[in-house]
Amino acid sequence: MDADQLNNLSKEIIGAAIEVHRYFGPGLLENTYRDALIVELNLRNIEARKEVAIPCIYKGFKLDIGFRADIIVKDSIIVELKATENENPVFTKQLYTYLKLTDKRLGLLINFNKDTLIKGITRVVNNF
């Protein structure tokens with residue numbers, strides 16, 4: 001997927017997340033937002049998978065770590081969800097690491113525990 005397609009897809013994901021946030025508002029658990037976002041993306045005919053295993057390879061050896069992406073959209077964009085008042089820089093670092101491990105270029109970190117969702121969205125780019 002080229003940069004323009006990734007940008008357009010990320011706008012669609014953000015639009016779907018805003019719809020979920022409008023419906024529920026802040027204050028619920030992360031898995032509620034995750035499952036609702038999957039439904040909203042599917043309603044928009046956008047393929048999305050939840051709790052996708054992320055392999056971790058060290059010097060040719062697969063580590064049994066158990067990393068999981070909250071959502072991967074069209075096998076191109078990783079979406080990590082949070083529902084917390086406390087923002088932590090480790091959330092962005094975690095998403096960046098997931099991008100590197102999967103060779104994906106773009107990730108969205110979405111924190112649903114904001115009065116206005118747009119304040120809770122961070123784009124993370126893996127420049128390889």
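Counting from 1, the numbers follow the sequence of the chain as shown. Both backbone and side-chain heavy atoms feed into the values below; hydrogens, waters and symmetry mates do not.
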Can you name the nearest heavy-atom pair linking G107 to L95, along with the distance? C-CD2, 3.7 Å
How about CG on N88, more than 12 heavy atoms from neighbouring residues, nucleotides or ligands closer than 6.0 Å, or not? yes
Hphob cluster co-occupancy, L108 + L6, side-chain heavy atoms under 4.5 angstrom: yes
Identify whether I71 and F112 are in the same connected component of the hydrophobic contact network (ILVMFWY, side-chain heavy atoms under 4.5 Å). yes
Check step by step if side chain to side chain contact (heavy atoms under 4.5 Å, CB included) holds for I77 and I72. CA-CA 6 Å; I77 297 177; I72 296 184; over 6 Å; no
Rounded to the nearest 0.5 Å, what separates atom CG in N126 from atom CG in L99? 5.5 Å
Please tell me if the side chains of I110 and L117 come closer than 4.5 Å, counting only heavy atoms from C-beta onward. yes
Hphob cluster co-occupancy, Y98 + L63, side-chain heavy atoms under 4.5 angstrom: yes
Do V125 and M1 belong to the same hydrophobic cluster, where Ile, Leu, Val, Met, Phe, Trp and Tyr are linked whenever their side-chain heavy atoms lie under 4.5 Å apart, directly or via other members? yes
How about Y23 and E19: does a side-chain donor come under 3.5 Å of a side-chain acceptor? no
For a quick test of reading the model, state the closest non-hydrogen atom pair linking A69 to E80 and the distance between them. CA-OE2, 3.2 Å
Verdict with reasoning, E12 to R44, per side chain to side chain contact (heavy atoms under 4.5 Å, CB included): CA-CA 9 Å; E12 292 183 56; R44 296 170 185 227; 5.6 Å; no
Could you go through the side chain to side chain contact (heavy atoms under 4.5 Å, CB included) check for R123 and L106 one step at a time? CA-CA 7 Å; R123 287 173 51 99; L106 182 61; 3.8 Å; yes
Find out whether N111 and F91 are in side-chain contact, i.e. whether some heavy atom of one side chain is under 4.5 Å from a heavy atom of the other. no
Is the shortest heavy-atom distance from the side chain of I46 to the side chain of L9 under 4.5 Å? yes
When rounded to the nearest 0.5 angstrom, what distance separates OG in S76 from CD in E47? 8.5 Å
Using modelled atom types only, decide if a donor and an acceptor are shared between the side chain of T116 and the backbone of I118 within a distance under 3.5 Å. no
Following the transitive rule for hydrophobic clusters with a side-chain heavy-atom cut-off under 4.5 Å over Ile, Leu, Val, Met, Phe, Trp and Tyr, establish whether I18 and L43 coincide in one cluster. no
dist Y96:OH -> L101:CG (nearest 0.5 Å) comes out at 11.0 Å
Looking at every non-hydrogen atom in both residues, tell me the closest pair between I38 and A48 and how far apart they are. CD1-CB, 3.8 Å
Quick check for you: to the nearest 0.5 Å, what is the distance between K100 atom NZ and N127 atom CG? 11.5 Å
Note: E87-K114 ion pair, threshold 4.0 Å (strictly below): yes
Below 4.5 Å, heavy atoms only, C-beta onward: do I14 and I121 meet side chain to side chain? yes
Is there a salt bridge (Lys or Arg N to Asp or Glu O under 4.0 Å) between R34 and E51 once you walk through the steps? CA-CA 9 Å; R34 182 199 61 219; E51 294 297 316; 3.0 Å; yes
Taking all heavy atoms of G27 and all of Y33, pick out the closest pair and write down the distance. N-OH, 3.2 Å
Rounded to the nearest 0.5 Å, what separates atom OG1 in T32 from atom CG in D35? 7.0 Å
Side chain to side chain contact (heavy atoms under 4.5 Å, CB included) with V79: of V73, L41, D70, only one passes, and it is V73
Find out whether N113 and K82 are in side-chain contact, i.e. whether some heavy atom of one side chain is under 4.5 Å from a heavy atom of the other. no
Report the distance from atom CD of E40 to atom NE2 of H21, rounding to the nearest 0.5 Å. 14.0 Å
Walk me through whether L37 and K50 qualify under side chain to side chain contact (heavy atoms under 4.5 Å, CB included). CA-CA 10 Å; L37 183 54; K50 68 179 182 177; over 6 Å; no
